[in-house]
Trainee: 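Take a look at the following structure, please.
Please read all numbers here as calculations on a predicted model, not as lab measurements.
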Amino acid sequence: MPEGPVLIVSAHAADFVWRAGGYAALAARRGAGAHVVCLSYGERGESAALWKSGATPEQVKAARRAEAEAAAKVLGAEITFLDAGDYPLPRASEELMDALVQRIRTVRPGAILVHSAADPYNADHPRAAELALEARILAQAEGYPSEHPVIGAPPVFRFEPHQPEMCGFRPDVLVDITAVFDVKRRAMECMNAQEHLWDYYTDLARRRGVQAVRNGGDRAVRYAEAYQRVYPQVAGVLA
């Protein structure tokens with residue numbers, strides 16, 4: 001694992017749980033720390049059950065925030081909400097970009113986890129990834145105004161989208177989350193507005209665990225998460 005905390009940039013309130021909850025729990029368990037930035041609550045596009053119940057927009061936001069806070073607590077992660085709105089997630093405003101840059105500089109992450117580069121089913125996801133990558137660049141710039149010092153070059157990994165074969169997602173890292181999968185499952189169960197995804201992501205973690213063993217992982221691996229590296233790995237040896 002990279003040194004330092006992990007920073008997860010999530011387009012909506014639940015994305016970080018399904019796609020990177022295991023890694024967040026691992027980082028928290030080893031004492032490095034896990035930080036989540038939710039760009040939106042997913043109030044418009046990912047809260048159908050709440051709308052059908054007759055909830056108001058503010059009630060939907062409050063419910064999704066409460067779910068995400070509960071899930072983050074289970075994972076041992078800190079969470080920040082930027083309430084930028086979803087469906088569509090807005091393109092970078094000066095205020096939104098600055099908020100993200102300042103958060104990156106504050107956390108000083110050892111790794112940043114973001115969405116896939118493409119998603120024909122949800123434009124908010126690649127837009128969130130674009131925002132995160134640009135914010136990382138700005139956080140490295142000496143001339144960017146901030147009370148926090150510039151960061152180095154933390155590696156960036158894309159977490160797995162809901163339909164990877166449609167998003168050009170080709171995993172090159174499989175992370176063993178067996179030791180914390182029970183934590184991830186409890187966090188998923190905090191997301192009551194999307195209960196239909198609990199078993200889907202449990203099955204996915206199990207399949208990725210099988211693949212991890214097939215690719216040289218310990219035979220004790222049962223659950224894993226898949227990631228795709230954005231920048232080249234720098235190393236002294238090939239591994």
Trainee: Among Ile, Leu, Val, Met, Phe, Trp and Tyr joined by side-chain contacts under 4.5 Å, find the other residues sharing a cluster with Val213 and list them by chain and number.
Mentor: Val221

Trainee: How far does CD of Gln233 sit from CG of Asp172, to the nearest 0.5 angstrom?
Mentor: 9.5 Å

Trainee: Considering only heavy atoms from C-beta outward, does the side chain of Arg136 approach that of Val101 to under 4.5 Å?
Mentor: no

Trainee: Applying salt bridge (Lys or Arg N to Asp or Glu O under 4.0 Å) as the test, list every pair that has at least one member in residues 76-88; sequence neighbours left out.
Mentor: Lys61-Asp83, Glu78-Arg103

Trainee: Applying salt bridge (charged side-chain N to carboxylate O under 4.0 Å, His left out), can you list everything that pairs with Arg19, at least two apart in sequence or on another chain?
Mentor: Asp15

Trainee: Does Phe157 reach the side chain of Val230, with side-chain heavy atoms less than 4.5 Å apart?
Mentor: no

Trainee: Side chains of Phe159 and His115: closer than 4.5 Å at any heavy-atom pair?
Mentor: yes

Trainee: Side chains of Gln228 and Pro171: does their closest heavy-atom pair fall under 4.5 Å?
Mentor: no

Trainee: Using distance only, find each side-chain donor-acceptor pair of residues 66-73 under 3.5 Å and give its atom names and separation, not counting sequence neighbours.
Mentor:
from  : atom 1 : to     : atom 2 : distance (Å)
Glu67 : OE1    : Arg64  : NE     : 3.0
Glu67 : OE2    : Asn192 : N      : 3.3
Glu67 : OE2    : Ala193 : N      : 3.1
Glu69 : OE2    : Arg65  : NE     : 3.0

Trainee: Taking atom CD of Glu94 as the centre, report whether more than 12 heavy atoms of other residues, nucleotides or ligands fall under 6.0 Å from it.
Mentor: no

Trainee: Hey, does Val37 have a side-chain heavy atom less than 4.5 Å from the side chain of Ile8?
Mentor: no

Trainee: Output all residues satisfying side chain to side chain donor-acceptor pair (under 3.5 Å) with Arg208, sequence neighbours left out; order by chain, then residue number.
Mentor: Glu160, Gln211

Trainee: How about Arg105 and Pro149: do any of their side-chain heavy atoms sit closer than 4.5 Å?
Mentor: no

Trainee: So, the side chain of Ser10 versus the backbone of Leu39: is there a donor-acceptor pair under 3.5 Å, distance only?
Mentor: no

Trainee: Kindly indicate whether the side chain of Leu197, heavy atoms from C-beta on, has any atom under 4.5 Å from the side chain of Met191.
Mentor: no

Trainee: Is any side-chain heavy atom of His162 closer than 4.5 Å to a side-chain heavy atom of Tyr200?
Mentor: yes

Trainee: Identify, with sequence neighbours excluded, every residue that meets side chain to side chain contact (heavy atoms under 4.5 Å, CB included) alongside Pro57.
Mentor: Trp51

